[in-house]
There are 2 protein chains.
Amino acid sequence: MAYRRTADIQARLDAQRARLLAAAIELVATSGYAGCSVNAVAARAGVASGTVYNHFANKSDLLAEVFRTVVRREVDAVRGAATSSGSLTQRTTAIVETFAERALTAPRLAYALLAEPVDPAVDGLRLQFRAAFRDIIADSIAAGVRSAELPPQNASLVAAALVGAIGEALIGPLVGQPDPATVPTLVTFALRSLGASDAAHA
Amino acid sequence: MAYRRTADIQARLDAQRARLLAAAIELVATSGYAGCSVNAVAARAGVASGTVYNHFANKSDLLAEVFRTVVRREVDAVRGAATSSGSLTQRTTAIVETFAERALTAPRLAYALLAEPVDPAVDGLRLQFRAAFRDIIADSIAAGVRSAELPPQNASLVAAALVGAIGEALIGPLVGQPDPATVPTLVTFALRSLGASDAAHA
DNA sequence: GTCTATAGTTCGATAGAC
DNA sequence: GTCTATCGAACTATAGAC
């Protein structure tokens with residue numbers, strides 16, 4: 001064979017793919033999916049539009065990769081908060097604060113992840129990533145039930161409710177001017193909803 | 001003018017449009033958006049597929065009309081529950097039960113409304129209809145705060161959280177085998193989350 | 001209803017790597 | 001010399017304006 005994909009070439013290809021992905025993420029974070037045209041991504045990454053198709057099958061595939069990449073960060077951050085040591089109240093507070101503060105710090109991007117209408121192929125990923133958050137929170141709730149910090153409850157169902165609650169509540173603040181008390185309100189909401197004994201004083 | 005749209009003709013057109021809409025709703029309720037192809041809708045309504053485009057600009061437009069029609073029923077039902085007389089606890093219980101029981105009675109349709117990936121044009125309607133539910137619930141919460149049944153809180157933000165919570169929590173039960181305690185669990189969740197004084201005993 | 005603009009995708013030509 | 005990544009213009013489809 002006359003041409004073989006050497007390690008050097010592969011590294012260059014990988015780097016280019018990463019540049020395209022980073023460019024797409026920046027565009028979504030700035031102006032949502034509407035600003036993330038194939039041409040704009042290519043231009044920002046410094047390549048021709050056709051080159052995008054050497055790395056991604058089509059635009060949906062590119063957007064899906066953007067989505068997965070960004071969501072993975074968020075899931076990891078929330079997992080870190082959920083597995084920190086401390087009481088159920090401390091863990092829950094950390095989870096909600098982590099999720100909400102990160103979203104409010106990058107509101108345009110968070111809106112794209114949580115709610116912005118998008119290609120069904122990408123929309124389907126929302127279901128998966130919400131399930132990931134749910135499972136993390138369900139573990140924390142189950143631990144709280146075992147330690148009697150919480151009354152018995154269906155941890156998975158309640159965790160799904162919490163994920164939906166935080167996500168939906170943030171949509172308004174993400175698109176408009178957020179009430180400065182948004183995060184504390186959500187923490188209180190979460191603690192109360194679980195039946196944590198000290199929720200009323202939060 | 002050689003052709004005038006008489007009242008008779010108009011009535012026939014309206015009836016045909018209604019039949020198409022009903023057919024589309026039945027198909028979505030049975031097999032989701034995937035089963036709601038233009039051909040299937042036309043066949044079920046007993047017309048040629050081209051006729052569909054006499055009444056709807058395109059498939060997105062048809063689906064949007066399906067969505068609006070079905071959601072309007074649900075919003076009306078929840079509004080009825082929210083404006084019934086009674087305590088904050090009774091109202092909240094009625095709201096959650098109405099929403100959840102109706103969803104669990106027609107699970108495939110509810111899943112299509114709440115979560116199924118779909119054309120962005122239709123997806124955008126989800127934002128609108130969740131805002132409608134939010135406003136209804138926010139009114140109920142605000143009344144509860146005024147009557148001191150609830151502690152002071154941002155009614156709109158908390159209402160959005162509740163809408164998200166119930167919607168997201170239902171997705172699992174809608175696609176799988178629901179825990180029989182799903183609805184009571186969600187009622188308890190809702191009452192606790194608002195800080196209702198008797199939530200712990202629910 | 002037609003026309004125009006825009007955006008996703010394709011494809012032949014080119015240049016550079018093996 | 002052969003192969004492949006890249007380019008960028010052309011194609012196609014769709015949406016919005018007049």
Side-chain angles (χ1 to χ4, degrees), chain A residues 1-70 108-109 111-113 115-126, chain B residues 1-5 9-10 13 16-17 20 24 33-34 36-39 41-42 48-68 117-128:
Chain A
M1 61 187 76
Y3 183 95
R4 213 152 47 99
R5 193 171 279 191
T6 63
D8 253 24
I9 293 289
Q10 187 61 50
R12 210 165 49 77
L13 287 174
D14 290 350
Q16 191 169 53
R17 190 178 199 278
R19 274 213 311 282
L20 284 164
L21 203 53
I25 291 171
E26 287 164 17
L27 286 167
V28 171
T30 305
S31 42
Y33 298 117
C36 192
S37 70
V38 173
N39 274 311
V41 172
R44 179 172 270 260
V47 302
S49 59
T51 301
V52 174
Y53 292 87
N54 289 332
H55 298 279
F56 304 95
N58 49 44
K59 188 184 178 180
S60 279
D61 188 46
L62 167 61
L63 287 180
E65 191 81 16
V66 166
F67 198 91
R68 270 190 293 267
T69 303
V70 182
R108 192 64 190 78
L109 185 60
Y111 179 73
L113 296 182
E116 188 174 5
V118 65
D119 185 30
V122 178
D123 201 23
L125 296 176
R126 288 205 175 110
Chain B
M1 59 187 82
Y3 180 92
R4 211 152 49 99
R5 192 171 280 193
I9 295 286
Q10 187 61 49
L13 286 174
Q16 191 171 53
R17 189 179 200 279
L20 285 165
Y33 299 117
C36 193
S37 70
V38 172
N39 275 315
V41 172
S49 57
T51 304
V52 174
Y53 291 93
N54 291 332
H55 297 280
F56 304 94
N58 50 46
K59 187 181 174 181
S60 279
D61 189 46
L62 168 61
L63 286 180
E65 190 82 15
V66 166
F67 198 91
R68 269 190 293 267
V118 66
D119 185 25
V122 178
D123 202 23
L125 296 176
R126 286 203 177 111
L127 296 172
Q128 293 179 26

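In what follows, chains carry the letters A, B, and so on, assigned in the order in which the sequence lines appear, proteins first and then strands, with residues in each chain numbered from 1.
- Listed by chain and number, the residues in a side-chain hydrogen bond (donor to acceptor under 3.5 Å, both in side chains) with A:D61 amount to none (sequence neighbours excluded).
- Rounded to the nearest 0.5 angstrom, B:Q16 CD and B:N54 CG are separated by 7.5 Å.
- When the side-chain hydrogen bond (donor to acceptor under 3.5 Å, both in side chains) test is applied to B:R126, the partners found at least two apart in sequence or on another chain are B:D123.
- For D:dA5, neither phosphate oxygen OP1 nor OP2 lies less than 4.0 angstrom from any side-chain nitrogen or oxygen of A:H55.
- Contact between the side-chain N/O atoms of A:N54 and the OP1/OP2 oxygens of D:dT6 is found at a separation under 4.0 Å.
- For the side-chain contact (heavy atoms from CB on, under 4.5 Å) test, residues two or more places apart in sequence or in another chain that qualify with A:N39 are A:S37, A:S49.
- Contacts between residues 27-43 of chain A and DNA chain C, counted as heavy-atom distances below 4.0 Å, involve A:S37, A:V38.
- Atom-to-atom, CG of A:L20 to P of C:dG8 comes out at 14 Å; the value is rounded to the nearest Å.
- Atom CZ in A:F56 sits about 16 Å away from atom C1' in C:dT9, given to the nearest Å.
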Which parts of nucleotides 9-18 of chain D does protein reach within less than 4.0 Å, heavy atoms only, written one letter per nucleotide 5' to 3' as B for base, S for sugar-phosphate only and - for none? B---------
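- In this structure, CG on B:L62 lies 7.5 Å from CG on B:L20, to the nearest 0.5 angstrom.
- Among pairs with a residue in residues 49-69 of chain A, those fulfilling ring pair (Phe, Tyr, Trp, His ring centres under 6.0 Å) read A:F67-A:F129, at least two apart in sequence or across chains.
- The side chain of A:L13 has D:dA5 as its nearest neighbour among D:dA5, C:dT10, D:dC7.
- Here the side chain of A:K59 is nearest to one of D:dT6, D:dG8, C:dG8, namely C:dG8.
- To the nearest 0.5 Å, the span separating CD1 on A:I9 from CG on A:D14 amounts to 11.5 Å.
- Regarding A:Q16, its CD atom lies at a distance of 11 Å from the C1' atom of D:dC7, rounded to whole Å.
- At whole-Å resolution of the value, CZ in A:R19 and P in D:dA5 are 15 Å apart.
- In this structure, the CG atom of A:L62 is 15 Å from the P atom of C:dA7, given to the nearest Å.
- With distances taken from any side-chain atom of A:Y53 to the nucleotides D:dC7, D:dA5, C:dT9, the minimum falls on C:dT9.
- Between the CZ atom of A:R12 and the P atom of D:dT4 there is a distance of 14 Å, rounded to whole Å.
- One finds the CG atom of A:L109 at 11.0 Å from the CD atom of A:E26 (value rounded to the nearest 0.5 Å).
- Remark: A:T69 OG1 to A:I25 CD1 distance equals 5.0 Å, nearest 0.5 Å.
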